[in-house]
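Before any comments, here is the structure.
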Amino acid sequence: MKLKLYFDKYLLKINLIFITLLITFGLFLVSSATAVESLRLYGDNFYMIKNHLLTLSIGIASALVIKRVNYKRILNSSNYLIIFISITLFILLTYGDNFWGSTRWLPIGFVSIQPSEVAKPIILIWVANHLSKVELDNNNLKTIWRALFMPGIAVVLIFMQPDYGMAATIAFIILIQLLFSKVNIIYPIILAILGLFGGWYFLSIAAYRENRLRVWLERICDPTSENFQVEELLDKCFQLHQSLIAISSGGLTGLGPGTSRARWGALPSAYSDFISVIIGEEYGFVGYIVFVFILSVCIISFFLIAIRQKNEFKRLFIVGLGAWILFQSVLNLGASVYLLPITGIVLPFVSYGGSAMVSIFIALGIMHSRQYE
């Protein structure tokens, strides 16, 4: 018994240590990647990194406060939370700020929030809460319906922004929670198959998404492919081409911290969607491998912690959190090296982005919240 408790505490420490390493790595990367853009937009090289530090501080403070709250109080508020976020996502479609054809940011006073990021921890709570009651309700279909109806509305509203990547992320998180729950395995398998066909259909019906998919499938941006189209290097392949140039220029050991060339405007979104490129450029192949190792250990630790949980709600919640970090990491890293289509998904704990950072720390706070009756 003592050995088991020691092992569980050891897993939590490993998780915390590797999260800290990711955050530290991210601070160096964001500081470098945002310096030029900060100077251009705000006349201060450190403006964006100071914002990053502020949101990181808010996130950590939120986690520490939530950690002290009995998680059952949070569960009792889950109905209000899911209704609140659904209404917010609906309001966003009308009153949100539209950038590059997508309405993802809702202005509130002097700040703007991304409601789809706030939705993730709320949906994690909602789904974990309902699926943890399977033993009390033997009707699996009824439980699944209750667990998925409101999150389904949220996913549809996020898709309408449009934000396909975020909608797919939340759908994946819910699927993993279903797979780890005690519902009959046939139901998540059926939903996964339907989700794959549905996801493929909705991916292809919009011209810009279909175009990204075609560029990836036909290897139009791959110089070694027979379908390579050199004329697209300044159009469809520009961002990806610049990403590959930056990574390859890093070589084995990189150009050195703070010496990125891509940040000078060659690579759009270098501090968010393509932050992993800066790793390869400044720290080289060695730095990239070290980073992937740290990220992998962190993700694995979430699933190990979840598996060893006796509390069903906590188990499903932590599994969802691990799936969240896993899915976004795979999409972000895969897109930067042309293994996956570009989706605009940020890298957890690392990329610049206030709503994303605060939301993931809120989830961490719930993960560590007390479990007394």
Side-chain angles (χ1 to χ4, degrees), residues 14-30 33 52 56 59 114 116-117 119-121 123-124 163-177 179-180 199 216 239-240 243-244 246-247 267 269-283 285-306 317-353 355-364 367:
I14 289 176
N15 180 260
L16 182 59
I17 289 170
F18 279 82
I19 287 174
T20 304
L21 289 173
L22 288 174
I23 293 169
T24 304
F25 215 141
L27 288 173
F28 283 105
L29 293 170
V30 171
H52 187 70
L56 179 59
Q114 191 174 356
S116 57
E117 289 287 356
K120 284 190 282 191
I123 290 173
L124 275 178
D163 192 346
Y164 181 89
M166 187 66 72
T169 299
I170 294 174
F172 178 81
I173 292 169
I174 294 172
L175 176 62
I176 297 300
Q177 287 181 293
L179 284 169
F180 276 80
W216 176 63
Q239 198 169 24
L240 179 62
S243 171
L244 295 176
I247 291 174
L267 180 64
S269 303
Y271 48 84
S272 56
D273 305 353
F274 281 82
I275 192 75
S276 59
V277 174
I278 306 300
I279 302 172
E281 186 182 19
E282 294 191 350
Y283 299 92
F285 179 74
V286 173
Y288 206 92
I289 292 299
V290 170
F291 175 79
V292 170
F293 171 76
I294 293 170
L295 183 59
S296 299
V297 173
C298 181
I299 292 169
I300 292 170
S301 69
F302 275 107
F303 285 99
L304 289 176
I305 291 167
F317 182 87
I318 298 170
V319 158
L321 179 54
W324 169 356
I325 299 167
L326 170 65
F327 192 72
Q328 290 198 189
S329 299
V330 169
L331 287 184
N332 185 281
L333 296 173
S336 67
V337 293
Y338 205 22
L339 290 177
L340 292 172
I342 296 172
T343 57
I345 292 293
V346 298
L347 193 58
F349 299 116
V350 178
S351 293
Y352 178 83
S355 296
M357 187 67 76
V358 173
S359 294
I360 204 164
F361 272 100
I362 288 173
L364 285 173
M367 169 182 164

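Start at 1 with the first residue, then count along the sequence. The figures that follow rest on heavy atoms only: side chains count, while hydrogens, waters and symmetry mates do not.
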message: Apply side-chain contact (heavy atoms from CB on, under 4.5 Å) to residues Phe327 and Ile173 and explain how you reach the verdict.
response: CA-CA 8 Å; Phe327 192 72; Ile173 292 169; 5.8 Å; no
If you define the side chain from C-beta out and look only at heavy atoms, does anything of [X] sit under 4.5 Å from [Y]?
X	Y	value
Phe302	Ile325	yes
Asp273	Ile345	no
Ile170	Trp324	no
Leu347	Phe291	yes
Gln114	Asp163	yes

message: Checking Phe361 against Leu364 for the side-chain contact (heavy atoms from CB on, under 4.5 Å) test, could you report, in this order, the C-alpha distance in whole Å, the side-chain angles of both residues, the deciding distance, and whether it holds?
response: CA-CA 5 Å; Phe361 272 100; Leu364 285 173; 3.9 Å; yes
field: Heavy-atom pair with the smallest gap, counting every atom of Gln328 and Val346
entry: NE2-O, 3.2 Å
Can you list, pair by pair, the side-chain donor-acceptor contacts under 3.5 Å of residues 274-282, counting residues two or more places apart and other chains?
{"unit_1": "Ser276", "atom_1": "OG", "unit_2": "Asn332", "atom_2": "OD1", "d": "3.4"}
{"unit_1": "Ser276", "atom_1": "OG", "unit_2": "Ser336", "atom_2": "OG", "d": "3.2"}
{"unit_1": "Glu281", "atom_1": "OE1", "unit_2": "Ser260", "atom_2": "OG", "d": "2.6"}
{"unit_1": "Glu281", "atom_1": "OE2", "unit_2": "Arg261", "atom_2": "N", "d": "2.8"}
{"unit_1": "Glu281", "atom_1": "OE2", "unit_2": "Ala262", "atom_2": "N", "d": "3.3"}
{"unit_1": "Glu282", "atom_1": "OE1", "unit_2": "Gly258", "atom_2": "N", "d": "3.1"}
{"unit_1": "Glu282", "atom_1": "OE2", "unit_2": "Ser32", "atom_2": "OG", "d": "2.4"}
{"unit_1": "Glu282", "atom_1": "OE2", "unit_2": "Gly258", "atom_2": "N", "d": "3.4"}
{"unit_1": "Glu282", "atom_1": "OE2", "unit_2": "Thr259", "atom_2": "N", "d": "3.4"}
{"unit_1": "Glu282", "atom_1": "OE2", "unit_2": "Ser260", "atom_2": "N", "d": "3.1"}

query: Which pairs, with at least one residue in residues 338-351 and sequence neighbours excluded, count as a side chain to side chain donor-acceptor pair (under 3.5 Å)?
result: none
query: Angle class for the Phe303/Phe180 ring planes (parallel below 30°, perpendicular above 60°, tilted otherwise)?
result: tilted
Give every donor-acceptor pair under 3.5 Å between a side-chain atom in residues 20-30 and any protein atom, sequence neighbours left out.
{"unit_1": "Thr20", "atom_1": "OG1", "unit_2": "Leu16", "atom_2": "O", "d": "2.8"}
{"unit_1": "Thr24", "atom_1": "OG1", "unit_2": "Thr20", "atom_2": "O", "d": "2.8"}

- prompt: Taking the side chain from Ser243 and the backbone from Gln239, do they hold a donor-acceptor pair closer than 3.5 Å?
  reply: no
